[in-house]
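Single-structure report; data block below.
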Amino acid sequence: MALLPILCYPDPKLHQVARPVQQVDARIEKLIADMLDTMYDAKGVGLAATQVDVHERLIVIDISEQRDRPLVLINPKLGWTSAEKRVNEEGCLSVPGIYDGVERFDAIEVLALDRDGVSRTVEADGMLAVCIQHEMDHLLGKVFVEYLSPLKRNRIRTKMLKLQRGERD
């Protein structure tokens, strides 16, 4: 398996809308394995294909303590959402070192294909619901910092650009 480079905010490629996966084949199976390896190596709990510059509707998640319960969602679509919302602190592998509060639905239902191409329904609440919504945003070309105020977003953008140039604050 290979570790894939993760795009960092404010890379414009993070704003591309992902297209549906047409077929779960050997290429997608390898991409899933590489994305899982990349996510685990980066100590993340979720990764969208958009973040590794593959603009297809695929996300991988593992919120388990042992890091041994990967969830693969191909072409995910929201079914229902709870009326309740909650603000949770979020971070992102594409915005390293930045955490802030984002309001998300408390519980959701997602319809998707699994890693074998089998249609399934996932009901999630708590951290899993937050993680799925966060990763699904990536597939729509949206990074979590876009939920923040323009002032915070601009500060984060400036900080990320400085880091990418090797500068310090």
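Please read all numbers here as calculations on a predicted model, not as lab measurements. Along the sequence shown, residues carry numbers from 1.
For Arg69, the CZ atom counts as loosely surrounded, since its 6.0 Å shell holds 12 or fewer non-hydrogen atoms of other residues, nucleotides or ligands. The local environment of CZ in Arg67 is crowded, with over 12 non-hydrogen atoms from other residues, nucleotides or ligands closer than 6.0 Å. The number of heavy atoms from other shown groups lying within 6.0 Å of CZ (Arg86) does not exceed 12.
Panel note: side chain Ser82, backbone Ala107; a donor-acceptor pair is recorded below 3.5 Å. Side chain of Glu135 to main chain of Leu58: no donor-acceptor pair is present (N/O by atom type, distance under 3.5 Å, no hydrogens or angles). Although no hydrogens or angles enter the test, the distance criterion places a donor-acceptor pair under 3.5 Å between the side chain of Asn75 and the main chain of Val21. Side-chain atoms of Asp137 do not come within 3.5 Å of backbone N or O of Lys142 as any donor-acceptor pair. Panel note: side chain Asp125, backbone Leu128; no donor-acceptor pair is recorded below 3.5 Å. No donor-acceptor pair under 3.5 Å is formed between the side chain of Asp100 and the backbone N or O of Glu89. In this structure, the side chain of Thr38 engages the main chain of Leu4 through a donor-acceptor pair within 3.5 Å. Arg19 contributes no side-chain N or O that, together with a main-chain N or O of Arg57, makes up a donor-acceptor pair within less than 3.5 Å.
Under a 4.0 Å N-O distance rule, the pair Glu56/Arg27 qualifies as a salt bridge.
Using a 4.5 Å heavy-atom threshold, the side chains of Leu71 and Ile132 count as touching. You'll find the side chain of Trp80 stays beyond 4.5 Å of the side chain of Ile108, heavy atoms only.
In the model, Glu146 has a side-chain atom that pairs as donor or acceptor with a side-chain atom of His15 under 3.5 Å.
Judged by a 6.0 Å distance limit and a 45° cone about the ring axis, Lys152 is not positioned over the six-membered ring of Tyr147.
Linking Ile, Leu, Val, Met, Phe, Trp and Tyr residues whenever their side-chain heavy atoms come within less than 4.5 Å leaves Leu78 and Leu140 in two separate clusters. Taken together through direct or relayed side-chain contacts under 4.5 Å among Ile, Leu, Val, Met, Phe, Trp and Tyr, Val72 and Val110 form parts of separate hydrophobic clusters. Taking hydrophobic clusters as Ile, Leu, Val, Met, Phe, Trp and Tyr residues chained together by side-chain heavy-atom distances below 4.5 Å, Phe105 does not share a cluster with Phe144. In the hydrophobic clustering of this structure, Leu7 does not group with Met39; members are Ile, Leu, Val, Met, Phe, Trp, Tyr whose side-chain heavy atoms approach within less than 4.5 Å, directly or through other members.
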